[in-house]
Number of protein chains: 2
Amino acid sequence: MGTGMVGDAIGSKLISLGHSVMMGSRTKNNEKALAFVSKNSDNASEGTFAEAARFGEIIFNCTKGEHSLDALKSAGDALNGKILVDIANPLDFSQGMPPTLLPALSNSNSLGEEIQKAFPDTKVVKTLNTMWNGLMVNPNLIGNGDHINYICGNDADAKSKVISILNEVGWKKENILDLGDISAARGTEGYLPLWLRIYGATGSGAFNFKLVK
Amino acid sequence: MGTGMVGDAIGSKLISLGHSVMMGSRTKNNEKALAFVSKNSDNASEGTFAEAARFGEIIFNCTKGEHSLDALKSAGDALNGKILVDIANPLDFSQGMPPTLLPALSNSNSLGEEIQKAFPDTKVVKTLNTMWNGLMVNPNLIGNGDHINYICGNDADAKSKVISILNEVGWKKENILDLGDISAARGTEGYLPLWLRIYGATGSGAFNFKLVK
């Protein structure tokens, strides 16, 4: 779900690993979705959010945080029973740069929780939202891949399945930290303002952190 | 300023390095401040917030975030012209555990900024607020001391002086990341909810992060 850089990066990586991916967008024949299909193998297709939700066993929310709930709602009940991997962050660009968080989706709430509330029959798993998209799909780009990725969600089996996919992508088990239920999304989404400041100070998005204990 | 664990840790460390420290509290002869004086050398003393502000060349705000502005205001104009190292976080324990951030001091604002606004003639430097107090004064406790400490503030000279003190305490220059002006406190304070979740998941506060690029 989503035709931006995150959706393109995740979708292309999954196809390169042998999975079939339908890129979902608001309308059929979206220009970026067609480009995604043409540059990838026969395992790539495109359709509306609802078609993508029906197609996928596991759905990746790669829409912009401010539009995620509307986009997912347009998929209707096709998300019921599915695992939804939520990678979006509720950034608010309306107050200038760097963005803040959307007030209603921050501090004592989060986008991950709000999605879980809106889709009680969907298993929402939040992960990969604390880094640049180039690292999401290629952790070995820096530090031998030894840097952290958080995961949270209410369903242990869904988290386990998502961890298997993360392992395929190159994330080592020891670098994936389970923070508990979906309310931990308040923490990982709330880290974005710090991420943006570090990006501003270092001038590159190709950074992450290794847990030191 | 502050008689809790952070104030005790910072004050005792600075005394061990040869500095003179007056621990400030709301009232004179505070029980914890007297204990601090009796366990440390002759370089330790105690007094009101106003007395401590007059005494110090550099003031450390180690009060609880929810009380910081009131505590500092009780010091009056004694803070004018001084460097104030703000270590506090605006945690809100009124909504249960883990704490959230005080809404008025989060997202598009921060405690660091609010202190700077309240004391325009004071040079506010935010640092050390992203870790357990045991690490603040002893970074070598984990990972050979190679993990990150952020600093921000509007005055370059004040940041430089605080970095010198951090070096004395054991923080290597290459592990101190300058995030820019005091508005970056939105980022470092906003990281606390994630810190608290990691603490919950790992069961120990003795952790921090090494920047991987």
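Below, read A as the first sequence line, B as the second, and so on, with proteins coming before strands; counting in each chain starts at 1.
Without hydrogens or angle criteria, B:R197 side chain to A:A185 main chain gives no donor-acceptor distance under 3.5 Å. Distance alone, capped at 3.5 Å, places no donor-acceptor pair between the A:N208 side chain and the B:V212 backbone.
In A:K64, the NZ atom is not crowded: 12 or fewer heavy atoms of neighbouring residues, nucleotides or ligands sit closer than 6.0 Å. The number of heavy-atom neighbours closer than 6.0 Å to CD of B:E57, taken from other residues, nucleotides and ligands shown, is 12 or below. Within a 6.0 Å sphere centred on NZ of A:K161, heavy atoms belonging to other residues, nucleotides or ligands number 12 at most. More than 12 heavy atoms of other residues, nucleotides or ligands lie within 6.0 Å of CZ in A:F55, so this atom counts as buried by the packing criterion.
Looking only at heavy-atom pairs under 4.5 Å with chain B, the residue among A:C152, A:G190, A:G180 that has the most is A:G190. Counting heavy-atom pairs closer than 4.5 Å to chain A, the top residue among B:P98, B:P103, B:A184, B:S108 is B:A184. Contacts with chain B were tallied for A:T100, A:N107, A:I142, A:L179; A:N107 has the most, counting heavy-atom pairs under 4.5 Å.
B:D92 does not touch chain A: none of its heavy atoms, backbone or side chain, sits under 4.5 Å away. Contacts of B:A206 with chain A are made by backbone atoms alone, with heavy-atom separations under 4.5 Å and no side-chain atom involved. Neither the backbone nor the side chain of B:L135 comes within contact range of chain A; no heavy atom of the residue lies under 4.5 Å from a heavy atom of that chain. Neither the backbone nor the side chain of B:T130 comes within less than 4.5 Å of any heavy atom in chain A. Heavy atoms of B:I198 lying under 4.5 Å from chain A belong to its backbone as well as its side chain. Heavy atoms closer than 4.5 Å to chain B are found nowhere in A:L196, neither backbone nor side chain. Within the 4.5 angstrom heavy-atom criterion, only side-chain atoms of B:S106, from C-beta onward, approach chain A.
Of all non-hydrogen atoms in B:L194 and A:G187, the two that sit nearest each other are CB-O, 3.4 Å.
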